[in-house]
Amino acid sequence: MGVTKEQLESTLTSKLNPQHLEVTDTSGGCGASFVIDIVSERFEGRRLLERHRLVNAALEEEMKDIHALSIKKALTPQQWKQQQEESEKSKSGA
């Protein structure tokens, strides 16, 4: 049986305490493929590869049933805030 979006959200929330988390099931509902955007203080001082490893380690059990996991964003709260501000500037300047 596949993994649900809610399972991933629950696991990531309990293990990485994200300030922002977006999980998208891209498998058409079978739970085999997901895209994740996550913002966590746990990523402070870590390189992108280390951040991805943290996410994968947090989802160790779930990964046994997932075919594809794409971590689109793994940001610190400061990076997230900066992206949000830049996005707002782009919208107001257009």
Side-chain angles (χ1 to χ4, degrees):
M1 183 173 152
V3 177
T4 66
K5 171 186 178 224
E6 292 76 20
Q7 283 175 291
L8 293 185
E9 289 171 339
S10 175
T11 299
L12 289 169
T13 297
S14 69
K15 293 186 177 177
L16 296 178
N17 191 28
Q19 283 71 32
H20 172 80
L21 176 62
E22 191 174 325
V23 178
T24 306
D25 184 344
T26 56
S27 66
C30 74
S33 180
F34 294 91
V35 174
I36 294 175
D37 287 346
I38 185 168
V39 178
S40 175
E41 289 179 358
R42 297 275 314 271
F43 298 149
E44 290 287 350
R46 297 178 191 264
R47 290 190 236 169
L48 185 60
L49 181 60
E50 294 172 299
R51 296 173 186 189
H52 283 224
R53 285 180 177 155
L54 274 175
V55 172
N56 284 320
L59 298 174
E60 183 178 7
E61 283 303 309
E62 291 82 354
M63 290 301 289
K64 294 174 183 175
D65 295 318
I66 295 175
H67 174 71
L69 179 69
S70 174
I71 304 168
K72 199 164 88 176
K73 292 181 185 172
L75 304 172
T76 65
Q78 181 61 35
Q79 290 170 322
W80 175 250
K81 181 181 175 191
Q82 189 175 355
Q83 275 195 3
Q84 296 299 99
E85 290 170 356
E86 289 171 4
S87 177
E88 287 301 313
K89 285 180 187 174
S90 303
K91 289 178 186 174
S92 63

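Because only heavy atoms are used, hydrogens play no part in the values below, and waters and symmetry mates are left out as well, while side chains stay in.
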Next on the checklist: According to side-chain contact (heavy atoms from CB on, under 4.5 Å), who are the partners of Arg51, at least two apart in sequence or on a separate chain?
Outcome noted: Phe43, Arg46, Ala74, Thr76, Gln79
Item to check | Common cluster, Leu12/Leu54, ILVMFWY with side-chain heavy-atom separation under 4.5 Å | outcome: yes
Checklist outcome for this item: With sequence neighbours left out, the residues meeting side-chain hydrogen bond (donor to acceptor under 3.5 Å, both in side chains) with Ser27 are Asp25
Checklist outcome for this item: With sequence neighbours left out, the residues meeting side-chain contact (heavy atoms from CB on, under 4.5 Å) with Glu9 are Lys5, Glu6, Leu21, Val23
Checklist outcome for this item: Heavy atoms of Ala58 and Lys15 approach each other most closely as O-NZ, 3.2 Å
Checklist outcome for this item: Value for OG1 (Thr4) from CG (Asp65), rounded to nearest 0.5 Å, stands at 11.0 Å
Next on the checklist: Under the criterion side chain to side chain contact (heavy atoms under 4.5 Å, CB included), I'd like the reasoning laid out for Met63 against Leu69: C-alpha separation, chi angles, the key distance, then a yes or no.
Outcome noted: CA-CA 8 Å; Met63 290 301 289; Leu69 179 69; 3.7 Å; yes
Checklist entry - What distance separates Leu75 CG from Gln19 CD, expressed to the nearest 0.5 Å? => result 11.0 Å
Checklist outcome for this item: The complete set of side chain to side chain donor-acceptor pair (under 3.5 Å) pairs with one or both residues in residues 52-61, sequence neighbours excluded, reads Glu61-Lys64
Checklist entry - Do the side chain of Glu44 and the main chain of Glu41 share a donor and acceptor less than 3.5 angstrom apart? => result no
Item to check | Of all pairs that satisfy ring pair (Phe, Tyr, Trp, His ring centres under 6.0 Å), the ones with a partner from residues 59-79, not counting sequence neighbours | outcome: none
Can you list, pair by pair, the side-chain donor-acceptor contacts under 3.5 Å of residues 31-39, counting residues two or more places apart and other chains?
from	atom 1	to	atom 2	distance (Å)
Ser33	OG	Thr26	OG1	2.8
Asp37	OD1	Lys73	N	3.3

Item to check | ring pair (Phe, Tyr, Trp, His ring centres under 6.0 Å) contacts touching residues 5-26 (sequence neighbours left out) | outcome: His20-Trp80
Checklist entry - Counting N and O atoms only, with roles assigned by atom type, does the side chain of Ser87 sit under 3.5 Å from a partner on the main chain of Gln83, one being a donor and the other an acceptor? => result no
